[in-house]
**Student:** 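My questions all concern the structure below.
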Amino acid sequence: MIADMATEIEAARLLTFNAAAMRDRGENFSAAASMAKVFASEMANQVAYRALQIHGGYGYIKDFPVERYYRDARVLTLYEGTSEIQRTVISNYLLGGNAFASELPESR
Ligand SMILES: Cc1cc2nc3c(=O)[nH]c(=O)nc-3n(C[C@H](O)[C@H](O)[C@H](O)COP(=O)(O)OP(=O)(O)OC[C@H]3O[C@@H](n4cnc5c(N)ncnc54)[C@H](O)[C@@H]3O)c2cc1C
């Protein structure tokens with residue numbers, strides 16, 4: 001579990017660096033930023049879940065910080081664009097569509 005957690009954290013870091021590098025180069029980085037945000041925030045939940053599991057019952061009580069990490073990770077998929085909205089941005093980029101067209105007709 002720890003090997004998978006470290007690997008996923010590194011993957012999230014590289015996706016984030018990639019989006020930042022695209023921005024630095026003046027490229028369209030919207031989809032890359034959304035990929036980094038949705039992957040990193042969902043990954044944080046998985047990593048915190050497994051960290052709690054490794055601690056067993058101690059992961060559930062407040063004597064150890066892991067229960068706090070588990071609670072705090074949950075909000076990451078909500079603020080600054082929920083995971084569903086990040087996926088909408090990514091699929092719009094891939095498919096050339098506009099999922100918000102019916103809500104925002106003036107944006108066309
Ligand atoms: C701790 C915290 C800090 C925050 N800080 C800020 C801040 O500093 N600045 C700021 O502007 N906002 C902030 N927010 C607000 C945050 O950005 C919103 O919570 C977020 O945009 C979701 O909006 P909502 O809560 O109204 O959910 P809703 O928009 O009502 O969405 C509810 C659920 O439906 C899903 N959903 C909505 N539309 C679609 C769709 N088209 N397709 C599929 N699923 C959809 C969402 O993904 C979500 O799971 C913060 C929120 C929290 C919890």
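In each ligand, atom 1 is the first atom listed, and ligand 1 is the first ligand listed. All heavy atoms count here, side chains included; hydrogens, waters and symmetry mates do not.
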**Student:** Between Glu42 and Ser83, does any side-chain donor sit less than 3.5 Å from a side-chain acceptor?
**Tutor:** yes
**Student:** Show which atoms of ligand 1 fall inside a sub-4.0 Å distance from at least one heavy-atom site of Val75.
**Tutor:** 1 (C), 53 (C)
**Student:** So if I count the atoms of ligand 1 from 1 in the order they appear, which ones are less than 4.0 Å from some heavy atom of Leu78?
**Tutor:** 20 (C)
**Student:** For atom 39 (C) of ligand 1, state which one of Thr82, Ile85, Thr77 supplies the nearest heavy atom.
**Tutor:** Ile85
**Student:** Name the option, out of Glu80, Glu84, Arg87, Gln86, that contains the heavy atom nearest to atom 17 (O) of ligand 1.
**Tutor:** Glu80
**Student:** To the nearest 0.5 Å, how far apart are CZ in Arg50 and OH in Tyr70?
**Tutor:** 12.0 Å
**Student:** Got a sec, which pairs hit salt bridge (Lys or Arg N to Asp or Glu O under 4.0 Å) with one end in residues 18-41, sequence neighbours left out?
**Tutor:** Arg25-Glu27
**Student:** Could you check whether any side-chain heavy atom of Asn18 comes within less than 4.5 Å of a side-chain heavy atom of Leu14, counting everything from C-beta outward?
**Tutor:** no
